[in-house]
Amino acid sequence: MEELTNVPQLTMQISGFNLVFNTQTIIMTWIVMAALVIFGFLATRRARLIPNPIQVVAEMLIGIFYGFTRDALGEDLAKKYSPLICSLFMFLLLCNWLGVIPKLTEPTKDLNTTLGLGILGFIIAHYSGIKVKGFSDYIKEYFQPIFFMAPLNIIGELAKVVSISFRLYGNIMGGAIIILVVSHLVYSLILPPFLVFFFGLFVGSIQAFVFTMLTLVYISLQVK
Amino acid sequence: MLETVHFTQAAQYIGAGMAIGFGAIGAAIGEGYAAGIANESLSYRPETSGDVIRNMLVGQAIAESAAIFSLIISIILIFSEPSQQFILFAWIYISAGLSMGLSAIGSGIGAGLTAGNACHGIVRQPGNSSSIIRTMLIGSALCQDPAIFGMVVAILLLFLDFSSVPLYPGWAVMLGAGLAIGLAAIGPGIGCGLAAMEATSGVARNPVTSTNTNRIMLIGMSIAQSTAIYGFVISLLLLFTSHEESVTLTASLGLLGAGLSAGFGGIGPGIGEGATAAGAVKWISRSRENTGILTRTMLVGMAVAESTGIYALIVALLLIVVL
C-alpha cells in the first residue's frame with residue numbers, strides 16, 4: 001500500500017524559495033509530449049492524397065474535433081480554437097492511457113497536472129470572453145440576474161475550475177487505487193489486467209473526452 | 001493516550017464505512033435505472049442493441065465515478081496512520097466520511113437518470129446517436145460537480161493540519177463542515193440529473209435544436225448547483241475561520257447548526273430548480289421559436305425557488321458570524 005503515499009519529489013532552493021518538483025509526473029509528462037511530437041511528425045512528414053495509416057488517424061481526430069468546435073463556437077472562432085481542443089484531447093488521452101504500460105504511471109494521477117489544465121481552460125475561456133464581448137459586457141455578466149449575485153457568480157466560476165480538475169484526478173486516482181487494492185487481494189492473479197484495461201483505456205478515454213468537451217463548453221458560455 | 005488512539009482508529013473505520021456505504025446508494029440506483037430504461041427501449045427496436053449497450057456502459061461508468069470518489073476517501077481513511085494525539089481527529093475522520101458519502105448520493109442518481117434517457121433517445125433516433133451521447137456526457141459529468149465538492153472538503157479535512165484547533169468548538173466545526181456540503185449536495189445532484197435527462201430526450205426528439213437545448217441545460221444546471229456551492233462555501237468558512245475555545249455547549253451547537261442549516265436548506269432548492277430547468281429544456285426542443293420566453297420564465301421561477309436556499313444560507317452565516 002505504500003505506493004499510494006509515496007510521491008518522488010525533488011526539492012530545490014532557489015533564491016530563498018523552496019521549489020518542489022514531482023519528478024515522476026514531470027518525466028511521464030515529457031514522455032507523453034515526446035510521443036505526441038513523434039506522432040505529429042510521422043503524420044505530416046509524407047502527407048499524401050492516399051494517406052498512410054498514421055495520417056488517417058490524425059485526419060480523423062482533427063476532423064472530429066473541428067466539427068465539435070464549429071458546433072459550439074461557430075465557423076470563425078472554430079479555426080482558432082480547434083487546434084487547442086484537439087491537442088488537449090490527444091494529450092489527456094495519452095496521459096490516461098500511459099498507466100497501461102508497466103512501470104509508467106499516469107501524469108493525470110497528480111492533482112497538479114489536472115489543476116494546471118483546468119486553470120489553463122479557465123484563463124482561455126475568460127480571455128476569449130473579454131476579447132469577443134468587450135470588457136464592460138463581460139463584467140455585466142457577473143451582475144446577472146440581480147446585482148448582489150456577483151460574489152456568488154464569481155465563486156461559481158471558480159468552482160468550475162475545481163470541479164473540472166478534481167473530476168479527472170478523482171477518476172484516474174480512483175482507478176489506480178482500485179487496481180492496487182484488488183491486485184493486493186488476489187495476489188496479482190488473473191483480475192488486474194482486465195481492471196487495468198477497464199480503468200486505463202475505457203474510463204481514461206471517457207474522462208479525457210469529458211474534460212475536453214467541458215473546456216469547450218466553458219469557452220462557448222463565455223463567448224456567447 | 002491509548003484511549004485516544006482507539007477512538008481515532010474507530011472513527012476512521014466508521015468514516016470509511018459511511019463514505020462508501022452512503023456513496024454506493026446513488027450510483028447503484030442510477031445505474032440500475034439506466035439499465036432498466038435500456039432494456040425497455042431495446043424491446044421497441046432490438047436491432048440497435050450494439051449502440052444502446054455501448055451508451056449504457058459509458059453512462060454507467062460516469063454514474064459510477066461518484067462511488068469511485070467515495071472509495072478513494074474510504075481507502076485513505078482505512079490506511080492513514082491513527083497516531084494522532086488529539087481526540088479532534090476522530091471527528092475529522094467521521095466528518096470526511098459523511099461529506100463524501102452523502103454528497104455522492106445525488107450525483108449518482110442524476111448521472112444514472114441522464115444515461116437512461118440517452119439510451120431511450122438513441123432507440124428513438126439511431127441516426128443521431130453521436131449528438132445524444134455528447135449531451136449525455138456533458139450533462140452527466142456536470143451532475144458529478146456536487147460530489148466533487150464533497151470530495152474536496154473530505155480531502156481538505158484529511159490533509160490540512162488542524163492540530164491547533166481547540167476541541168470544544170472544534171468538533172462541531174468539523175462535523176458541521178462535513179454535513180453542510182454532504183447534505184447540500186444531494187438535491188443539486190438529483191436536480192442536475194433531471195435537467196440533463198430532459199435535455200437528452202429533447203436532443204433525441206428534435207436534433208436541430210441541440211445547440212439551444214445544451215445551452216439552456218448548462219445555464220439551468222449551473223443555477224441548480226448554486227445551493228451545493230452555498231454548502232461548499234459554508235464548509236470552507238467553518239474550516240478556515242478561527243474559533244475561540246469555549247466549553248459552553250451553545251457555541252459548538254451554533255456552529256453545528258450552521259452546517260445543518262446550509263446542508264438541509266440546499267436539498268429542496270436543488271431538486272426544485274432542476275425540475276424547473278427540466279421543464280424549460282423539454283419544451284425548448286418542441287418549440288424552438290419560444291426559447292426567449294421559456295428561458296426568462298425558467299430564470300424567474302428558479303429565483304423564487306432559490307429564495308429558501310438563500311434563507312438557509314443567511315441563517316448559516318448569522319450563526320457563524322454573530323455567535
Side-chain angles (χ1 to χ4, degrees), chain A residues 1-5 64 67-68 70-74 111 144-146 148-149 151-178 180-181 184 198-199 202-207 209-214 216-218 220-221 224, chain B residues 57-59 61-62 64-76 78-81 100 107 130-131 133-135 137-142 144-152 155 210-211 214-215 217-219 222-223 225-226 228-230 232-233 236 296 299-300 302-303 306 310 313:
Chain A
M1 286 298 130
E2 63 278 359
E3 294 97 320
L4 274 182
T5 47
I64 291 172
F68 289 153
R70 191 191 50 209
D71 289 349
L73 301 177
L111 183 59
Q144 298 294 335
I146 323 166
F148 64 77
M149 295 295 275
L152 293 171
N153 281 336
I154 293 169
I155 293 171
E157 285 298 319
L158 294 177
K160 281 179 185 171
V161 181
V162 173
S163 68
I164 196 175
S165 41
F166 272 84
R167 176 181 302 114
L168 183 58
Y169 162 74
N171 274 288
I172 302 301
M173 189 70 184
I177 288 178
I178 292 171
L180 207 64
V181 172
H184 187 75
F198 178 76
F199 285 106
F202 182 62
V203 175
S205 327
I206 294 175
Q207 292 301 328
F209 186 74
V210 163
F211 191 100
T212 317
M213 278 297 115
L214 286 179
L216 182 59
V217 161
Y218 291 156
S220 82
L221 279 180
K224 283 190 179 151
Chain B
L57 287 176
V58 171
I62 292 204
E64 182 125 332
S65 57
I68 291 179
F69 299 156
S70 307
L71 185 80
I72 299 181
I73 299 297
S74 294
I75 299 272
I76 292 176
I78 292 175
F79 287 105
S80 55
E81 284 293 310
M100 184 64 245
S107 299
S130 71
S131 76
I133 291 179
R134 193 147 34 110
T135 305
L137 281 178
I138 294 174
S140 53
L142 285 177
Q144 306 290 326
D145 282 6
I148 292 166
F149 298 148
M151 181 175 71
V152 172
I155 288 179
S210 78
T211 317
N214 280 342
R215 218 178 130 60
M217 175 190 83
L218 288 171
I219 294 173
S222 68
I223 298 180
Q225 270 172 19
S226 56
I229 292 178
Y230 300 161
F232 189 49
V233 169
L236 296 186
R296 223 173 318 135
L299 289 177
V300 172
M302 281 179 147
E306 177 92 13
I310 292 180
L313 177 71

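Nothing here was measured: the structure is a model prediction, and the numbers come from that model. The basis for the numbers below is simple: all heavy atoms, side chains too, and nothing from hydrogens, waters or symmetry mates.
For B/F232, the ring pair (Phe, Tyr, Trp, His ring centres under 6.0 Å) partners two or more places apart in sequence, or in a different chain, are B/F149. Contacts of A/F209 classified as ring pair (Phe, Tyr, Trp, His ring centres under 6.0 Å), with partners at least two apart in sequence or in another chain: A/F68.
In terms of non-hydrogen atom pairs under 4.5 Å with chain B, the most contact-rich of A/S163, A/G156, A/A159 is A/S163. Of the listed residues (A/I178, A/I206, A/V203), the greatest number of heavy-atom pairs within a distance under 4.5 Å of chain B belongs to A/I206.
Within the 4.5 angstrom heavy-atom criterion, no atom of B/I76 approaches chain A. Proximity to chain A (any heavy atom under 4.5 Å) is restricted, for B/T211, to the side chain, taken from C-beta onward. Both the backbone and the side chain of A/V162 come within contact range of chain B, judged by heavy atoms closer than 4.5 Å. Heavy atoms of B/V300 lying under 4.5 Å from chain A are absent altogether. For a residue to count as touching a neighbouring chain, one of its non-hydrogen atoms must lie under 4.5 Å from one of that chain's; by this rule A/F211 does not touch chain B. With a threshold of 4.5 angstrom between heavy atoms, B/L218 approaches chain A through side-chain atoms but not through N, CA, C or O. For A/S220, the part lying under 4.5 angstrom from a heavy atom of chain B is the backbone only. Neither the backbone nor the side chain of A/I164 comes within less than 4.5 Å of any heavy atom of chain B.
Between B/S65 and A/N171 the shortest heavy-atom distance is CB-OD1, 2.9 Å. In terms of heavy-atom proximity, B/Q225 sits nearest to B/L142 at NE2-O, 2.9 Å.
Checked by atom type and distance alone, the side chain of B/Q144 pairs as donor or acceptor with a backbone atom of B/I62 at under 3.5 Å. In this structure, A/R167 contributes its side chain and B/A141 its backbone to a donor-acceptor pair below 3.5 Å.
A perpendicular orientation is assigned to the rings of A/Y169 and A/F166, their planes being inclined by more than 60° (bins at 30° and 60°).
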